[in-house]
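Scroll down for the structure; my scribbles are underneath it.
Throughout, a chain's letter reflects where its sequence line sits, starting with A, and its residues are numbered from 1.
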There are 2 protein chains.
Amino acid sequence: MDTVSSKPVVTIRDLAGTLGLSHTTVSRALADHPKIKAETKLRVRALARELGYVPNGSAQSMRGQHGPTIGLIIPDIQNDFYASIAKTVADAAAARGFQLTLSVTEDNPEREMDDLRALIVARAAGIIITPTASPKAQTLELLAGANAVQLVRQDERLPHEAVVIDDYLGVSAATRHLVTYGHRDIAYVGTGTDLSCGRDRLAGFRAVMIEHGLNPDRVALGQPRPEFSHHAVHGLMSGSQRPTALVMGSSSLTIGALKALRSLNLQWPEDVSIVGYGDPVWFELMGSGLTTVRLPVQEMGAYVTSLLLARTELPRVTGGDACPQPSRFAPSLVLRGSARILTAG
Amino acid sequence: MDTVSSKPVVTIRDLAGTLGLSHTTVSRALADHPKIKAETKLRVRALARELGYVPNGSAQSMRGQHGPTIGLIIPDIQNDFYASIAKTVADAAAARGFQLTLSVTEDNPEREMDDLRALIVARAAGIIITPTASPKAQTLELLAGANAVQLVRQDERLPHEAVVIDDYLGVSAATRHLVTYGHRDIAYVGTGTDLSCGRDRLAGFRAVMIEHGLNPDRVALGQPRPEFSHHAVHGLMSGSQRPTALVMGSSSLTIGALKALRSLNLQWPEDVSIVGYGDPVWFELMGSGLTTVRLPVQEMGAYVTSLLLARTELPRVTGGDACPQPSRFAPSLVLRGSARILTAG
DNA sequence: TTGTATGCGTTATCAC
DNA sequence: GTGATAACGCATACAA
């Protein structure tokens, strides 16, 4: 009807005014306080609905210890792994009446710090973070005073518990599988060693190679982006001394590798065997199916969340300054069709 | 050093106290107010850092019109399309100093309402929403008074602008492509018609079929989940009268369809041609590449965000009650190897 | 250049 | 059962 209705924004005092009550009573009525007359509650609520009253969250939060949100700081939301984690956390948060504040850092320490700061300013009830390789000093300070849990990556300078993947186990299992299949010339394409998970994966590869007296130095390390592995695999496979098998150190790298193989017109497992890392739905659909290291995403997501929320609802327990042992989740090798038995040649 | 350091929580008054200043001065110093002595600013900031002062966001928000967050309400974060959107919105939000509050509804109207309410309570600066098929009455009311934009789906009862895909165009192009290739027996596997986008896609298929005098009723409609299309395609392809081509109505359905074909040991494009919907990175890597309808994700994400933020920073303009025409973004057909020319037989 | 007083919307404490 | 009043932490209009 009216043309300019810029929502007058209703407060409990407004309700109190038009109802001839005090704002205290209105507040109590809305909160279903035991000793408010039933009829009063009804009247208050009726008007509240009619006028479209919505409580002001800021005002409410100002009184409590923390805000109604939990933060999730991850490097990439388009990555299947993190998207799954986000889903799990979103569900858990919603179930307990928390909001989910998402930060996508792209592994940029600046952004990590800015978004974290915003979370601290908002007095987030809890924070789940996959720290960048080199967080800024401020980030560490900010985090130290917060209720947080580390996910996937662990920065040793942080006092918080960490939920990580047993990367050593994952890559070593993949490598061992290929060795068992008779491969001797195996290359590893993985992420840099600035992060412990990159180091662990590399170590898993090298350990198994050395254990079998094979060359552990056929290795390409770089950023976890498809472009890098595309380039790396292209180089590896266009040389004269081609490896007969490839072990991948991340799902993004797996994508790039597959693209490279395709551009070189190389078939797998015929021309080269390959074991992926991670297990998005489509790995199963590729060719004869991609043999891969499956990460226990669901379990990890559920666990970090419960870990965080457990402490969220309790009086903050600052557990010593010692960096606690991380909870390691074991990946499993999914056997499909991308690794073949090498017949002596 | 100390064992029990439960962070005393520092406020500007605390700073003011130990500095022998008034909290006003501290406030101004922190805000870099022009007429505060440079030296004072320095002292204040030094102490602030030392004591780990962090402003209280709730208190700050209480004074302004809205909180520092923008909300994104989507049905699924594991879906490539929405994950891309989330990325775009996260970037834009971070760039402008907003936080991103993510809600994953799973198309559950209850959850949609709860999460939306939380956003309203938090006085979110703006909201991007992909509404469920049947939002609750409350949801509509809550939304009506908010600064919001609809994405992908448009609920006609809502007064907000909508940014959608030209679904009719997408599916009709896919269908036409197959017809041009000589297919006459084409089936469409799509989403239900409770949403306009589902209706548009179906209409696109039927229109082209009818236009060419072909049977427009080879259709399977259901939930946008892989399980549904797996089942549907399995049925379609095990019957005696197999279609020679399949048009898919969503990316999840495309996944299920591919799984079904694999389980039936059917090759594409040899045994059946198929055109997907959406274009996650891996479509390109499947077999000879999946011919598909590419959605302009980047553009749409950038556009909704700019649309929302433009109004966020301006004085709220309530533009009439009439439901405005949606901005339609045209998809494009990506020709790869999953559709083949049918030689008369 | 700095300080005083006030208000934002709620809830909690103490009356009555 | 209900109502004054204070307090949460911050920013600003208004002095000084």
Side-chain angles (χ1 to χ4, degrees), chain A residues 7-45 47-48 51-68 97 117-125 145, chain B residues 7-45 47-48 51-68 97 117-125 145:
Chain A
K7 286 281 157 170
V9 181
V10 187
T11 74
I12 48 172
R13 295 190 124 93
D14 297 330
L15 298 181
T18 58
L19 238 41
L21 291 173
S22 85
H23 71 278
T24 306
T25 305
V26 172
S27 174
R28 290 202 262 243
L30 257 15
D32 201 25
H33 188 104
K35 41 187 172 182
I36 291 289
K37 216 194 313 182
E39 186 219 323
T40 308
K41 291 186 184 175
L42 256 43
R43 280 182 28 203
V44 170
R45 291 184 185 156
L47 187 65
L51 263 48
Y53 164 79
V54 178
N56 183 317
S58 303
Q60 293 180 305
S61 301
M62 230 189 5
R63 321 204 73 260
Q65 285 304 304
H66 53 234
R117 169 173 290 281
L119 245 16
I120 303 288
V121 167
R123 299 289 191 265
Chain B
K7 287 281 157 171
V9 181
V10 187
T11 74
I12 48 172
R13 295 189 124 94
D14 297 330
L15 298 182
T18 58
L19 238 40
L21 292 173
S22 86
H23 70 279
T24 306
T25 305
V26 173
S27 175
R28 290 201 261 244
L30 259 13
D32 202 24
H33 189 104
K35 40 187 172 181
I36 290 289
K37 216 194 312 181
E39 185 220 321
T40 308
K41 290 185 184 175
L42 257 41
R43 280 181 29 203
V44 170
R45 289 182 187 159
L47 187 65
L51 265 47
Y53 165 79
V54 178
N56 183 316
S58 304
Q60 292 180 305
S61 301
M62 235 191 2
R63 316 198 74 258
Q65 285 303 307
H66 52 232
R117 169 172 290 280
L119 245 17
I120 303 288
V121 167
R123 300 289 192 263

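- Separating the CZ atom of R13(A) from the C1' atom of dA4(D) is a distance of 11 Å, rounded to the nearest angstrom.
- If you take CG of N56(B) and P of dC8(C), they are 18 Å apart, rounded to a whole angstrom.
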Using distance only, find each side-chain donor-acceptor pair of residues 53-62 of chain A under 3.5 Å and give its atom names and separation, not counting sequence neighbours.
residue, atom, partner, partner atom, Å
N56(A), OD1, S58(A), N, 2.8
N56(A), OD1, A59(A), N, 3.2
S61(A), OG, G57(A), O, 2.9

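- Under the 4.5 Å side-chain criterion, counting only non-hydrogen atoms from C-beta, L15(B) is in contact with V10(B).
- Side-chain proximity of S22(B) to dT2(D), dT4(C), dG9(C): nearest is dT4(C).
- As rounded to whole Å, 11 Å separates atom P of dT13(C) from atom NE2 of H33(A).
- When rounded to the nearest whole Å, the span between CE of M62(B) and P of dC8(D) equals 12 Å.
- The CG-C1' distance, from L15(B) to dG9(D), rounds to 12 Å in whole Å.
- Judged as a side chain to side chain donor-acceptor pair (under 3.5 Å), and not counting sequence neighbours, R13(A) has no contacts.
- Applying the 4.0 Å criterion to OP1 and OP2 of dC8(D), one finds that T11(B) has every side-chain N and O outside that range.
- Atom P of nucleotide dT10(C) and atom CD1 of I12(A) are separated by 5 Å, given to the nearest angstrom.
- Residue T25(B) has no polar side-chain atom (N or O) positioned under 4.0 Å from OP1 or OP2 of dT2(C).
- Between the P atom of dT2(C) and the CG atom of D32(B) lies a distance of 13 Å, rounded to the nearest Å.
- Checked against side chain to side chain donor-acceptor pair (under 3.5 Å), R45(A) has the following partners two or more places apart in sequence or in another chain: D32(A).
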Within the sub-3.5 Å range, which N or O atoms of nucleotides 12-16 of chain D have a protein N or O partner, and how far apart are they?
residue, atom, partner, partner atom, Å
dT12(D), O4, T24(B), OG1, 3.3

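- A donor-acceptor contact shorter than 3.5 Å links the side chain of K41(B) to the backbone of H33(B).
- Under the side chain to side chain contact (heavy atoms under 4.5 Å, CB included) criterion, A125(B) pairs with H66(B), F98(B), T312(B), sequence neighbours left out.
- Across all strands shown, K37(B) has heavy atoms under 4.0 Å from sugar-phosphate atoms exclusively, and none from any base.
- Y53(B) places its OH atom 11 Å from the C1' atom of dA11(D), with the value rounded to the nearest Å.
- If you check every strand for non-hydrogen atoms under 4.0 Å, S61(A) touches nothing.
- By the side chain to side chain donor-acceptor pair (under 3.5 Å) test, S22(A) is found to be paired with T25(A), residues two or more places apart in sequence or in another chain being considered.
- OP1 and OP2 of dG9(C) both lie 4.0 Å or more from every side-chain N or O belonging to Q60(A).
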